[in-house]
Amino acid sequence: MAPAASILSIEDLSIAYDRDKYAVKNVTATVRKNAITAIMGPSGCGKTTLLRAINRMHELYPNISTEGKIKLYGDNIYEMPTIELRRKIGMVFQRPNPFPTMSIYENVIAGYKLNGIHLKRSERDEIVETTLRDVTLWDEVKNALHKKGTFLSGGQQQRLCVARALAFKPEIILLDEPTSALDPVSTAKIEDLLVELKQHYTIILVTHNMSQAARISDNSMFMYLGELIEYEDTKTMFTNPKDPRTEGYLTGKFG
Amino acid sequence: MNSDKITKYILFGASLLILVVAGGMLYSLVEGSLPSFRVFGWKFLVSPEWNPTQGDQHFGALAFIAGTLFTSIFALLVAIPLAFSTSLIVAEYFRKTWFANVVSTCVDLLAGIPSVIFGLWGFYALRPFIVSIGLSHQGFGIFTAGLVLAIMIVPYATSLSNSIIMMVPNELKEAAYSLGATRLEVIWNVILPNARSGITASYILAFGRALGETMAVTMLIGNANILPKGLFSTGNTMASVIANEFGEASGVHLSSLIEIGLLLFVITAIINATGKYIIKKFA
């Protein structure tokens, strides 16, 4: 596969939690800019580890070893300061996790606050409003900006978390099964949102949900036991998988 | 009657017994205090004079209330930075490592050491040291007692705040890290705001321990029945004056000691209830 404009290239990446226990094995792939790339595979296949390697969140665990490179616009992210990298690559987690001690407003600009970046009142207001509009949450919360984010519904909380990740205008947004804790209506809203957001951002999405990958992703990776088995245009993968393991997974033989 | 019911009644009876004993204790304290209260009334609380000489007897608790608060607050101020650092080391920086295990086990062991041993150590090690660096002539007083007391309450302040800090959900910390926060920023902006009330409560409970601590304080505070004049002054606490004098006291003297006991009982009950309320409400 030769993506038109690539933003990220993963080069022979291997990650081991313990010595010789590889969660990700020799993965090589390029990720297309302004597209949604889905990473699928059964539990324990390494998809979340691969995702977390892209903003180096996997390094929070001790004893982890990483070999290979990931390049963002050609620069190896393992040679960048993590703080800088994580501002360029935002992340949304499995369960909505707004900061419970902060208001909705503060949650949106939490990245600035955490990094000690001082903004003028007008700049903050501007960022909060545009970001909340981007995640289609503004109309629902504009009169409750200074209430705690934890009062929102699960789906609204997750959109707030997307807003928090977007406030820094990152290049890439990583999402780790962002709808697995949500009801179908909230899931649909998040999916619509992601399709909307890919105009301005590159999205990488780990999902357990094959139909979700089929609905919204442009490209799909299928991982199995730490290896990248197949990486294709989503339509091609779902209609004409090359590897028998991909086919087995997609047809529900295992997973 | 089936065995379930019998078990239930036995358990009920046992726990009721505890209530009865606690109630009885309070009753004895109130009853024992009455003779003193009849003589001195509310002035007992504000009079600093304590004179057991027959014929010229006069009793007031202010010197001991002041001594208790002074010693305990000083102990708390010394203990907080120690406890706070220990909690962050054990529950965050070295979380789940052998080092955190060793530190938290040692801190817990401190809680199990009998207070008379702290007193001995204070008497034979800390006190001469304080004399040798010229802080005080004999080394007895608020300062020495407070320092030992501080070490004694550190385990109470840490063990609860450790578990509160560990309870801060990992997903919140990860959210902060994913926004480019450093560890220090995560601690200040995520861990502490989420654990704040629990940590406060654990310090309040530790303060409650300090108020009632008797043996080690009695051995080090100098047992002078006067209002403490400063940090290096001698004094006496509510608990230590009772321990020192109850054996030889009788009549109004004894009743005054019991009234001090009642006061201490009420104060520590209020402090403990406050701490527990904060934990329940916010943590």
Legend entry - CZ/A:Arg95: more than 12 non-hydrogen atoms of other groups inside 6.0 Å: no

Legend entry - Atom CD of A:Glu196: over 12 foreign heavy atoms under 6.0 Å: no

Inset, instruction - Can you establish whether the number of heavy atoms outside A:His146 located under 6.0 Å from its atom NE2 is more than 12? - result: yes

Legend entry - Per-residue contact mode, A:Pro98 against chain B (heavy atom under 4.5 angstrom): backbone

Legend entry - Residue A:Lys69 excluded, over 12 heavy atoms near NZ under 6.0 Å: no

Inset, instruction - Report the residue from A:Arg52, A:Arg56, A:Met57 that forms a side chain to side chain contact (heavy atoms under 4.5 Å, CB included) with B:Ser178. - result: A:Met57

Inset, instruction - Specify the closest pair of heavy atoms between A:Arg86 and B:Tyr177, including all atoms of both residues, with the distance to one decimal. - result: CD-O, 3.0 Å

Inset, instruction - Would you name the heavy atoms of A:Asn115 and B:Gly180 that are closest together and state the gap between them? - result: OD1-O, 2.8 Å

Legend entry - Interface moiety of A:Phe99 toward chain B, non-hydrogen atoms closer than 4.5 Å: both

Legend entry - Sidechain-backbone polar pair: A:Asn97 side chain, B:Glu171 backbone, donor-acceptor under 3.5 Å: yes

Inset, instruction - Verify the neighbour count for atom CZ of A:Arg124: are there more than 12 heavy atoms of other residues, nucleotides or ligands below 6.0 Å? - result: yes

Inset, instruction - State which residue, out of A:Arg164, A:Arg87, A:Lys113, fulfils the side chain to side chain contact (heavy atoms under 4.5 Å, CB included) condition with B:Leu179. - result: A:Arg164

Inset, instruction - Using non-hydrogen atoms and a 4.5 Å limit, figure out which bit of A:Ile89 sits close to chain B: side chain, backbone, both or neither. - result: backbone

Inset, instruction - Verify the neighbour count for atom CE of A:Met80: are there more than 12 heavy atoms of other residues, nucleotides or ligands below 6.0 Å? - result: yes

